[in-house]
Amino acid sequence: MPLFQSLPGFREFPPEALARRNHIFRLWRQAALTFGFVEYDAPVVESLELYKAKSGEEIEQQLFSFTDKGGREVALRPEMTPTVCRMVGAKAGSLKRPIKWFSIAEFYRYERAQKGRERAFFQFNADLFGEAGVEADIELIALLVQCLTAFGLTERDFFVRLSDRDLWCYYLEALGLDEPRVRVLLTAIDKHEKLGDGAFQVFTDAFGPLDPALKGKVLAFLQIKSLEQLAATLAPVGGGKLMGRLADWRRLLDGLAAMGLARFVEVDLGVVRGLAYYTGFVFEAFDRQGELRAIAGGGRYNHLVAKLGGPDLPAVGFAIGDVTMGLLLEARGLIPALVQAADVYTVLGGEEERKAAFGDIQALRAAGYRVEYPLRPLAFGKQFKAALESGARLALIYGGDELARGVVKLRDLAGRSERDLPRDQVLAAVRDTLAGG
RNA sequence: GCGACCGUAGCUCAGUCGGUUAGAGCACCAGAUUGUGGAUCUGGGUGUCGCGGGUUCGAUCCCCGUCGGUCGCCCCA
């Protein structure tokens with residue numbers, strides 16, 4: 001038994017696992033860059049107040065927080081949104097709009113680990129600031145889709161559930177509910193999928209029995225699956241705010257359809273997201289099988305930058321977690337074999353030959369080729385096995401016979417063919433052979 | 001924070017109705033093998049049976065606790 005183990009919920013990444021992680025990061029990064037997002041990074045430790053200001057006092061329960069040696073109350077970051085809002089808020093005056101930033105970073109939450117959830121995990125975060133129109137929402141949802149399809153996932157593997165907090169608020173207001181009742185009812189709606197009718201208990205507890213007619217309308221709203229149904233439901237209600245939102249929905253869905261992404265997106269007003277700061281469209285990506293927790297989530301948060309001390313900047317963003325993403329890719333067989341192969345393996349006849357080879361090895365490496373050779377004297381047979389296991393395409397053979405003739409043997413390991421090279425042509429020959437196919 | 005299940009080698013697991021020195025496959029290491037291929041053969045166990053305590057003549061096995069894992073609840077930014 002090891003004397004020390006990693007802490008609960010903290011994963012280790014031995015080379016194979018790190019290769020997988022880097023593969024995921026590489027495709028996320030590539031997707032973001034093609035959408036014109038620029039990468040940033042930020043501190044891992046922040047003031048505890050930053051998170052309390054955004055999420056309330058209870059959040060401390062879920063944080064790795066402590067008092068530093070200067071007496072400051074601090075926390076390991078549990079998410080990127082407050083930080084990026086602060087960063088963008090501070091520089092907003094000098095940043096060209098729209099502001100499109102992304103990051104890939106590790107986060108920490110003091111929670112019990114379970115399937116798809118660890119205490120330390122990575123997230124891809126993308127946020128767009130300074131654009132209030134649905135064009136920004138389209139951009140983010142399209143990027144989210146790209147971040148998943150880049151791996152070979154299709155509409156049969158995942159979908160994006162699209163909802164709208166503003167729409168809910170305006171609708172419930174139109175049905176005669178005041179703001180406190182709207183807020184509590186939204187909490188119930190958020191839990192309805194899991195708890196069913198029991199979800200409304202929180203409302204009953206706070207305000208007494210829910211009017212059956214009202215409840216019926218809420219349940220009917222949750223059933224809406226298309227823009228047409230939404231329009232039909234809202235038409236009799238009317239009102240400028242609701243009609244405005246309906247127009248936004250139309251533009252959003254039209255835009256996504258024009259991008260060819262309609263097949264990934266479903267109208268689903270059951271998604272509310274617990275966060276009070278969301279102000280408009282909200283969305284979450286799920287696997288089609290319904291076996292995993294959310295793959296990604298995001299939405300519009302138009303007032304958070306101001307709340308954290310910056311200018312009033314409209315914003316929309318989302319995050320993808322690496323844990324659920326990894327589970328999904330694994331389940332679909334979409335994690336490729338990520339082998340780290342050498343370019344050249346150098347077979348050494350003996351100590352004299354080793355010295356003779358070192359100059360070439362160094363030159364090849366300086367030229368960017370991955371070159372391996374046995375660190376200890378090894379029989380030729382073993383060296384050829386090692387050459388194969390290294391994945392190298394070429395072997396350079398430094399034997400006594402060859403050196404006596406002023407040559408080195410270049411072996412194509414796959415083709416099993418060999419030829420002699422004059423000593424001074426090793427680098428050029430390797431370059432030509434590897435470049436040639 | 002709560003609950004259920006689980007914990008034997010690097011991995012997957014066997015095992016002991018409580019009994020000598022804890023096993024297999026894979027992986028790994030060495031040799032056969034000092035001039036050519038993933039093979040084969042030989043050898044190597046690499047282990048605090050998670051940890052601590054209890055019961056017992058004797059515990060990897062039974063009991064309690066604890067730590068860790070998995071899954072779920074709470075929460076989910």
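Within every chain, numbering begins at 1; the chains are lettered A, B, ... in the order of the sequence lines, protein sequences first and strands thereafter.
- The gap from the P atom of B:G23 to that of B:G47 amounts to 15 Å, rounded to the nearest Å.
- Exactly one residue among A:R21, A:R117, A:R11 makes a salt bridge (charged side-chain N to carboxylate O under 4.0 Å, His left out) with A:D322. That residue is A:R11.
- Across the C1' atoms, B:U66 and B:G43 are found 41 Å apart, a figure rounded to whole Å.
- Within 4.0 Å of A:G9, counting heavy atoms only, lie sugar-phosphate atoms of the nucleic acid but no base atom.
- Within the model, atoms CG of A:L327 and CG of A:D287 stand 10.0 Å from one another, a figure rounded to the nearest 0.5 Å.
- Base-pairing analysis of RNA chain B finds the following stems of at least three consecutive Watson-Crick or G-U pairs, with both pairing distances under 3.5 Å: B:1-7 with B:67-73, B:10-13 with B:23-26, B:28-32 with B:40-44, B:50-54 with B:62-66.
- Heavy atoms of A:P377 sit nowhere under 4.0 angstrom from any nucleic acid atom.
- Atom-to-atom, CD of A:E12 to C1' of B:G10 comes out at 13 Å; the value is rounded to the nearest Å.
- Between the P atoms of B:U21 and B:C67, the separation comes to 33 Å (whole Å).
- For B:C2 and B:C63, the P atoms lie 23 Å apart once the distance is rounded to whole Å.
- With rounding to whole Å, A:F121 atom CZ is found 14 Å from B:C76 atom P.
- Taking 4.5 Å as the limit, every side-chain heavy atom of A:D164 sits out of range of all side-chain heavy atoms of A:V282.
- Taking the side chain as every heavy atom from C-beta outward, A:W28 and A:F151 approach each other to under 4.5 Å.
- Atoms CE (A:M80) and C1' (B:C76) sit 18 Å apart, rounded to a whole Å.
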Nucleotide by nucleotide, nucleotides 35-44 of chain B touches protein heavy atoms under 4.0 Å in the pattern (B base, S sugar-phosphate only, - none) BBBBB-----
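- Checked by atom type and distance alone, the side chain of A:R393 never pairs as donor or acceptor with a backbone atom of A:A414 at under 3.5 Å.
- Taking atom CZ on A:R354 and atom P on B:U34, their separation rounds to 15 Å, with Å as the unit.
- Between A:F25 and A:F122, the ring center distance clears the sub-6.0 Å criterion.
- Proximity of A:L252 to A:I138: side-chain heavy atoms (C-beta onward) are separated by under 4.5 Å at one or more points.
- Aromatic ring centroids of A:Y51 and A:F107 lie 6.0 Å or more apart.
- Salt-bridge check for A:D360 with A:R423: passed, with a basic side-chain N closer than 4.0 Å to an acidic carboxylate O.
- Residue A:I59 is classed as a base contact, given a heavy-atom separation below 4.0 Å to a base.
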Nucleotide N/O of nucleotides 71-75 of chain B paired with protein N/O under 3.5 Å:
unit_1	atom_1	unit_2	atom_2	d
B:C71	OP2	A:K115	N	3.1
B:G72	OP2	A:K115	N	3.4
B:C74	N4	A:Q114	NE2	3.0
B:C74	N4	A:R117	NH2	2.8
B:C75	O2	A:E111	OE2	3.2
B:C75	O2	A:R117	NH1	2.8
B:C75	O2	A:R117	NH2	3.4
B:C75	N3	A:R117	NH1	3.0

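- Here B:U34 presents its C1' atom at 15 Å from CD of A:E352, a figure rounded to the nearest Å.
- Here the CZ-CZ distance, from A:F121 to A:R109, works out to 3.5 Å after rounding to the nearest 0.5 Å.
- Spacing of C1' atoms, B:A9 relative to B:A27, comes out at 11 Å, to the nearest Å.
- The aromatic rings of A:F221 and A:Y171 lie parallel to each other, with less than 30° between the two planes, well short of the 60° mark.
- Residue A:R376 is classed as a sugar-phosphate contact, given heavy-atom separations below 4.0 Å to backbone atoms only.
- Nucleotides B:G54 and B:U60, compared at atom P, are 13 Å apart to the nearest Å.
- Nucleotides B:C61 and B:U56, compared at atom C1', are 13 Å apart to the nearest Å.
- B:C13 and B:C49 are spaced 13 Å apart, taking the C1' atom of each and rounding to whole Å.
- Once rounded to the nearest 0.5 Å, the distance linking CG of A:L128 with CD1 of A:I99 reads 8.5 Å.
- Taking atom CD of A:E16 as the reference point, atom C1' of B:G10 lies 13 Å away to the nearest angstrom.
- Mapping A:F10 and A:D190 onto RNA chain B via the closest heavy atom, the residue that lands nearer the 5' end is A:F10.
- No salt bridge links A:R332 with A:E291; every basic N to acidic carboxylate O contact stays at or beyond 4.0 Å.
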